[in-house]
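This report concerns only the one structure given below.
Sequence lines set the chain letters: A, B, ... in the order given, protein chains first and strands last, and positions in each chain run from 1.
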There are 2 protein chains.
Amino acid sequence: MSTHKKEEFSDDERRLAELAKALSHPARIAILRILAQKKSCICGEIVDVLPLAQATVSQHLKELKNVGLVKGTIDGPRSCYCLNPEVVKELMSITGILHEFLVQNNSQSCC
Amino acid sequence: MSTHKKEEFSDDERRLAELAKALSHPARIAILRILAQKKSCICGEIVDVLPLAQATVSQHLKELKNVGLVKGTIDGPRSCYCLNPEVVKELMSITGILHEFLVQNNSQSCC
DNA sequence: ATCGTTCATCGCAAATATACGATAAAGAAA
DNA sequence: TTTCTTTATCGTATATTTGCGATGAACGAT
């Protein structure tokens with residue numbers, strides 16, 4: 001019915017889930033990797049490298065932009081994308097938290 | 001049409017995406033947090049704490065089990081769940097890799 | 001002004017994910 | 001055995017995601 005219970009969780013949980021969702025498709029992982037490697041923030045080059053149509057790549061880029069992991073500026077007829085250092089940092093600190101609370105009982109698995 | 005291009009990406013990218021997908025819902029983050037806090041690997045307690053029906057929680061647990069983050073054993077009429085230290089470790093090393101390749105051009109954002 | 005290039009968005013189809021009630025399975029308790 | 005408790009699974013409804021062709025917007029070049 002509702003398919004919509006996400007508001008009932010904490011802000012932390014929702015934000016971490018949101019960032020994880022942005023990473024939950026191989027194409028988006030690949031895009032992030034490309035952006036991290038290339039200094040110049042290409043765009044059409046991404047389409048050339050990935051096995052996806054231009055429209056699809058554009059959509060993935062949009063999702064990465066929506067969570068803030070990627071910034072983009074229009075540069076003449078072409079678009080320039082690059083990582084957003086701040087949100088990358090947020091992702092780091094959040095995976096750090098994840099790390100902490102996962103590592104707590106890391107040693108004794110009872111099952 | 002196809003909705004199915006995921007095989008064309010690398011193993012690394014697919015595995016990271018798969019783990020990220022397991023984390024991409026607040027309920028599953030909450031479940032992991034609970035499992036990390038409680039020493040005893042409860043189960044029905046999770047249902048009590050989350051704002052979700054028992055069937056739904058069971059489904060989320062299954063997904064976490066499928067990617068290996070969680071182990072479960074049947075203990076009489078009830079089920080015992082706990083984190084899987086090995087896959088938690090895998091997640092760590094993978095977020096480490098993510099960290100590395102994201103941090104590379106961390107300083108100069110060109111957009 | 002016209003054409004070509006680059007990219008975003010719209011509209012649609014197919015696949016997945018989310019949620020839950022109902023029911024089944026399996027042991028504990030009576 | 002019958003009953004209760006606990007959990008997994010089935011079936012189903014709805015929502016979201018994925019992917020792409022087609023189209024449009026914006027600019028550069030001619």
Would you say [X] and [Y] make side-chain contact, with heavy atoms under 4.5 Å?
X        : Y        : answer
Leu23(B) : Leu69(B) : yes
His25(A) : Lys21(B) : no
Ile29(B) : Asp12(A) : no
Val70(A) : Ile31(A) : no
Phe9(B)  : Leu16(B) : no

Do any side-chain nitrogens or oxygens of [X] fall under 4.0 Å of OP1 or OP2 in [N]?
X        : N       : result
Lys62(B) : dT7(D)  : no
Lys65(A) : dA8(C)  : no
Ser79(A) : dT6(C)  : no
Lys21(A) : dT17(D) : yes
Arg28(B) : dT18(C) : yes

side-chain hydrogen bond (donor to acceptor under 3.5 Å, both in side chains) contacts in which one or both residues fall within residues 55-70 of chain A, not counting sequence neighbours: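 As it turns out, the side-chain hydrogen bond (donor to acceptor under 3.5 Å, both in side chains) pairs with a partner in residues 55-70 of chain A, which skip direct neighbours, are Arg28(A)-His60(A), Arg28(A)-Glu63(A).
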Sub-4.0 Å heavy-atom contacts from residues 48-61 of chain A onto DNA chain C, ordered by number: Gln54(A), Ala55(A), Ser58(A)
Nearest-angstrom distance from the residue atom [atom1] of [X] to [atom2] of [N]:
X        : N       : atom1 : atom2 : answer
Arg78(A) : dG4(C)  : CZ    : C1'   : 12 Å
Asn66(B) : dT16(C) : CG    : P     : 15 Å
Lys6(B)  : dT17(D) : NZ    : C1'   : 8 Å
Leu23(B) : dT18(C) : CG    : P     : 12 Å
Lys5(A)  : dA13(D) : NZ    : C1'   : 15 Å
Ile46(A) : dG19(D) : CD1   : P     : 15 Å
Leu64(A) : dT18(D) : CG    : P     : 11 Å

Nucleic acid footprint by protein, nucleotides 25-30 of chain D - heavy-atom cut-off 4.0 Å, B for base, S for sugar-phosphate alone: --BS--
Gln37(B) side chain vs Ile34(B) backbone, donor-acceptor pair below 3.5 Å: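 Checked: no pair found.
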Working for salt bridge (Lys or Arg N to Asp or Glu O under 4.0 Å), residues Arg14(A) and Asp11(A): CA-CA 5 Å; Arg14(A) 291 212 308 271; Asp11(A) 286 353; 3.3 Å; yes
CD-NZ distance between Glu18(B) and Lys6(B), expressed to the nearest 0.5 angstrom: 9.5 Å
